[in-house]
Amino acid sequence: MKHVVSFFAIVILFLNAETVFSARGDLGDENIKYTKHNLSAFWPADAGADIRTVKSPTQTEVCVFCHTPHGSTLEDLGGGVRAPLWNRKLSTANYFLYDEVWSPTLEAYRVNVKPSVPTGYSKLCLSCHDGTLAIGDVYNAPGSGGYSSTGQSPIPLTGTDAGGTMPAGSGRYTGDTRLIGANLSNDHPISFVFDMNLYSADKEVADPSTVVDPVTNKTLLYSGMSATRNNVQCTSCHNPHTTYEKFLRMSKWNLGGGPTTKQICLNCHNKLGWIDSSHKIAAKIFNATGLPSSDVNFAGKQMTTVGCLSCHDTHTIQGAERLLRDAVDSATYTAGGNSVAGSKTSSAIENVCFRCHSRASASLSTPHGLMDSNAAPPPDIWTQFNKTSRMPIADTASQGNHQPVFTLSQPDEATIPTGDPKTNYEKVLLGVVIAPSSVYKHIECTDCHNPHRVTSNTSASLSGIDRLAGMRGIRVDGAVMQSVANAGTTGTYRSMVEISEVCFRCHGDTYDTFIPTKPDSYTKCLNQGCTSTGSVSEPTRTTANNPASGNTHGSNKRKEFNPNTPNVNTGQSFNSAFHPVAATGRNTTAIFAPGTTALLGGLDRTKTINCTDCHNTEALGAGTFSGTTATPTFAGPITQSSLRSYVEAAPARTLSDVNPASTHNFVGLSTAEAKGPHGSANNRLLRANYNTTLTATGTITAANPAGSFPFTSFNAGNFALCFQCHNVQAFTDSDGVVGGNQLTNFRLLIGGGFGNLNLHAVHLANTAFGGAWSLGVGAYTACANCHYNVHSNVEAANTEYVGGGTLRPDGATRLINFSPVIQRYTYSKPAWYYSGGNMRCDLRCHGNSIMGSGFGGGGGGGGGFGGGGVNAQYNYYPNQ
């Protein structure tokens with residue numbers, strides 16, 4: 001009995017050692033009687049108001065709820081390790097671990113043995129916090145003779161849930177709850193091995209030898225399945241005896257860079273690029289009013305102070321993935337900021353981004369607009385995703401099948417379990433394997449942005465700007481491109497991925513899996529008599545639907561932009577025509593030489609553009625577009641990465657360096673407007689309108705052999721997208737020469753009193769010889785009838801490039817690829833070929849045959865293209 005008295009004497013001395021703990025609440029202070037873990041009836045007089053919810057009305061002993069000097073549990077916590085004089089039963093709940101719903105990228109379960117249940121000291125914490133056992137249920141009750149191997153009647157407590165278990169707090173399914181439950185998928189993973197194997201596999205975690213308590217400098221790793229202290233457990237972050245906030249071993253806030261002031265997350269996590277990222281260094285202040293779903297109050301704090309907590313909560317709302325705050329679809333909130341009771345199972349990762357990247361006026365049920373009171377608030381992404389055309393961020397039909405891929409390292413296939421659709425998705429998205437199914441249509445913000453590395457600024461300088469930092473992509477040659485931490489040698493490899501390389505992950509080799517079907521058909525008449533006999537249904541693109549020729553899923557943009565893709569339509573071993581996204585274009589014409597006026601915004605044949613120079617918010621396609629007037633507000637390329645200064649060894653790349661003032665300052669553009677391919681008021685996420693109406697009637701029949709042209713007049717607003725970069729006069733001026741500058745090579749050289757004819761103007765604006773003329777049916781067609789796939793010619797399913805002649809001497813095919821509306825005449829497909837020094841067409845439009853040799857009235861009389869066989873030709877100029 002003497003030893004028992006001595007034990008409790010020591011405990012009492014410990015609890016009253018005010019000289020040792022003179023600064024209660026500081027990091028490292030241990031005095032459990034001042035904390036919520038003091039479940040006794042005793043509350044120190046000098047502690048102020050009682051902060052506890054759960055407590056005994058009569059029991060004065062403090063330690064008995066967890067510890068006992070005699071009769072402690074003999075249960076093995078793993079590897080022969082036992083709890084320190086533990087006085088409680090341990091839960092036998094069936095636990096749902098962190099990765100069992102999602103997160104196949106968790107390296108900890110790939111490189112080491114995954115536990116089947118929580119182990120070690122985590123089991124001690126869960127004996128109360130999983131809510132399956134009464135908190136007062138102990139083996140050795142206070143007083144003599146209170147031991148029972150099966151447990152005593154629980155010590156009476158107030159403030160508990162029914163049965164004396166842990167109360168749910170603000171709600172069982174919210175982030176603000178002390179009741180963790182047995183579903184741990186929304187809680188930080190525990191009981192996993194954190195060793196050098198993990199450190200070698202995941203360079204975004206710290207060296208395990210540095211994971212130490214900042215006060216005692218002792219390791220914060222504990223035993224798990226073995227006695228070796230190499231596991232992350234609850235006690236790695238929490239000290240149940242400390243008086244510091246939330247029993248944490250370090251601050252939840254980012255207070256500085258020293259061991260005792262850095263954010264606790266950074267003790268184990270070493271996110272590459274985080275220290276300089278926008279989300280880390282942002283000085284923006286959270287609104288005074290907001291709706292956080294936990295007890296973490298951000299009001300008035302700078303984002304740099306809140307740090308990791310801006311997006312993550314280690315015990316987050318039920319149903320959220322990757323420990324993200326409020327990242328669910330079904331949450332509704334009370335005025336006090338807490339989610340009402342109810343199961344939250346529908347993941348919506350985008351909602352964590354909308355917390356800041358939205359405005360308070362947005363119709364969101366989750367917390368949002370938390371920074372829109374700043375002078376320069378974050379870009380409003382939510383508004384973009386609610387426009388007419390948008391990335392399918394909020395589409396939830398196949399949400400459960402999708403996982404974002406933004407990690408720096410791709411695990412070796414040999415380490416990935418087979419048959420896991422989520423893991424296969426990750427492999428497919430990077431082009432490693434063929435897609436297992438066609439269900440993956442939903443995407444997330446983190447498929448394009450790594451929130452731990454993204455950087456930006458508002459100056460015209462590119463220094464520090466990289467909104468794709470930390471991403472992986474698929475290079476135009478098909479190789480997986482990994483963003484690296486260091487820039488390396490200029491011209492050898494790059495420190496970032498290009499915009500197109502991120503786009504190619506979905507719009508490249510796996511386009512037919514990830515791009516939804518957009519069917520739309522046009523009945524195409526095959527025979528020369530143009531009767532309904534022999535007609536076939538061809539997919540077309542209209543203003544609403546935009547599949548590439550012959551494919552309702554779109555097309556493989558990686559192949560289309562790759563200069564080395566063989567052209568099956570021409571038999572060429574290279575890509576003969578493409579917009580200059582992955583390399584400068586094939587068109588070396590003097591018209592596009594530096595200093596000329598055919599292109600706008602500083603563009604010329606030596607420059608490249610980006611996907612987002614066309615696919616972007618409509619705010620960047622503003623201007624005056626009416627009649628023959630086309631004056632863009634932001635002429636030329638508008639994407640920040642167009643101006644990067646690096647070059648790549650293979651394939652060779654010359655990058656654009658045009659118009660930095662307009663591409664960065666965006667004078668007149670709202671600072672809240674989110675730039676990028678998030679959403680647009682225009683179809684197909686286009687920066688400006690591009691009307692792809694092919695014909696007004698859609699069907700050519702014997703009764704209506706001519707059909708009708710798409711438009712009754714020319715309006716630059718129909719093709720405003722083209723006129724962001726192309727001088728509109730190249731398409732409207734009668735002879736294509738303005739101010740002594742020739743703007744187009746698509747001309748018919750007639751000479752004499754007739755002058756020369758701009759064939760672009762003939763087709764689009766119905767002008768010739770200085771005025772209007774007529775085909776008899778109104779010649780106002782669409783750009784898309786001759787440039788059906790504006791990306792490239794390699795998948796041009798409706799065009800013959802040899803016909804009665806050959807290819808141009810330089811092999812280029814000039815982005816001519818005909819729409820399904822255009823009909824064949826002499827050859828198997830509508831033809832555009834080189835013959836006799838001229839480029840010629842052989843095809844039928846609206847019942848009119850365009851073929852033969854020469855320009856004139858033909859069978860239709862003077863003044864136009866007749867129906868009896870006329871050839872359209874324009875002179876070929878060497879190197880033009």
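Source: prediction; values computed, not measured.
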Determine whether a donor-acceptor pair (N or O, by modelled atom type, separation under 3.5 Å) exists between the side chain of T744 and the backbone of A730. no
Step-by-step side-chain contact (heavy atoms from CB on, under 4.5 Å) determination, T617 to S680: CA-CA 5 Å; T617 170; S680 173; 5.7 Å; no
Taking every heavy atom of L843 against every heavy atom of A831, the minimum-distance pair comes out as CD2-O, 4.2 Å
Between the side chains of D735 and N758, does any donor sit under 3.5 Å from an acceptor? no
Sub-3.5 Å donor-acceptor pair from the side chain of R605 to the main-chain atoms of T588, do we have one? yes
State, with a plain yes or no, whether a side-chain heavy atom of H615 is found less than 4.5 Å away from one of R687. no
With a 4.5 Å cut-off on side-chain heavy atoms, are I609 and V581 touching? yes
Take D604 and T596 through the side-chain contact (heavy atoms from CB on, under 4.5 Å) test and state the conclusion after the steps. CA-CA 8 Å; D604 59 57; T596 55; 5.5 Å; no
To the nearest 0.5 Å, tell me how far N715 CG sits from T628 OG1. 9.5 Å
Pairing donors with acceptors under 3.5 angstrom, does anything connect the side chains of S500 and E498? no
Taking all atoms of both residues into account, what is the closest heavy-atom pair of P632 and A635, and its distance? CG-CB, 3.8 Å
Can you confirm if the aromatic rings of F561 and H579 lie within a centre distance of less than 6.0 Å? no
We want to know whether T826 and D842 form a side-chain donor-acceptor pair, criterion being a heavy-atom distance below 3.5 angstrom. yes
Using side-chain contact (heavy atoms from CB on, under 4.5 Å), reason through L764 and F719 one step at a time and then give a plain yes or no. CA-CA 10 Å; L764 291 175; F719 314 109; 4.3 Å; yes
Is there a donor in the side chain of E795 and an acceptor in the side chain of N789, or the other way round, less than 3.5 Å apart? no
With no hydrogens and no angle check, just 3.5 Å: does a side-chain donor-acceptor pair link N785 and S819? yes
How long is the straight-line distance from OG1 of T589 back to CG of D810, given to the nearest 0.5 Å? 10.0 Å
Could you tell me if the side chain of F578 sits less than 4.5 Å from the side chain of P563, heavy atoms only? yes
How long is the straight-line distance from CZ of R824 back to OG1 of T799, given to the nearest 0.5 Å? 14.5 Å
Does any N or O in the side chain of N616 come within less than 3.5 Å of the main-chain N or O of T612, such that one atom is a donor and the other an acceptor? yes
Tell me the closest heavy-atom pair linking L468 and C448, and the distance in Å. CD2-O, 3.1 Å
Please determine, by modelled atom types, if Q572 and N569 share a side-chain donor-acceptor pair under 3.5 angstrom. no
Using only heavy-atom distances, determine whether the side chains of N727 and T597 contain a donor-acceptor pair under 3.5 Å. no
Within the 4.5 Å heavy-atom criterion, are S792 and N575 side-chain neighbours or not? yes
Answer with yes or no whether the side chains of S576 and N567 bring together a donor and an acceptor at under 3.5 Å. yes
Would you say T781 and H763 are linked by a side-chain donor-acceptor pair, where the criterion is simply a distance under 3.5 Å? no
Measure from the ring center of Y827 to the ring center of Y801 and say whether it is less than 6.0 Å. no
Taking side chain as C-beta onward, heavy atoms only, is H507 less than 4.5 Å from S555? no
Kindly say whether the aromatic ring centers of F723 and F731 come within a distance under 6.0 Å. yes
Work out which heavy atom in F504 is nearest to a heavy atom in I474; give both atom names and the distance. CD1-O, 3.2 Å
Does a side-chain heavy-atom distance below 4.5 Å link C786 with W832? no
How many angstroms lie between CG in L743 and CG in L599, if you round to the nearest 0.5 Å? 10.0 Å
Which of R840, M839, E800 passes side chain to side chain contact (heavy atoms under 4.5 Å, CB included) with Y833? Answer is R840
Looking at T732 and V728, would you say the former's side chain and the latter's main chain have a donor-acceptor pair under 3.5 Å? yes
Side chain to side chain donor-acceptor pair (under 3.5 Å) evaluation trace for N793 with T813: CA-CA 8 Å; N793 281 353; T813 54; 2.7 Å; yes
Does the side chain of E560 come under 3.5 Å of the side chain of T565 through a donor N or O and an acceptor N or O? no
With a 4.5 Å cut-off on side-chain heavy atoms, are T806 and S835 touching? no
For the residue pair K829 and F818, establish whether any side-chain heavy-atom pair is separated by less than 4.5 Å. no
For R505, is there an ion pair with D509 - N to carboxylate O distance below 4.0 angstrom? no
Closest heavy-atom pair and its distance - T584, T606: CG2-O, 3.4 Å
What distance separates N610 CG from C503 SG, expressed to the nearest 0.5 Å? 8.0 Å
Taking all non-hydrogen atoms of both residues into account, name the closest pair between H787 and R814 and its distance. CE1-O, 4.1 Å
Does Q724 form a side-chain contact (heavy atoms from CB on, under 4.5 Å) with Y690? I'd like the steps, not just the answer. CA-CA 11 Å; Q724 302 291 327; Y690 180 59; over 6 Å; no
Rounded to the nearest 0.5 Å, what's the gap from CZ on R684 to SG on C614? Could you check? 11.5 Å
Would a distance-only check, ignoring hydrogens and angles, find a side-chain to backbone donor-acceptor pair under 3.5 Å from N798 to I822? yes
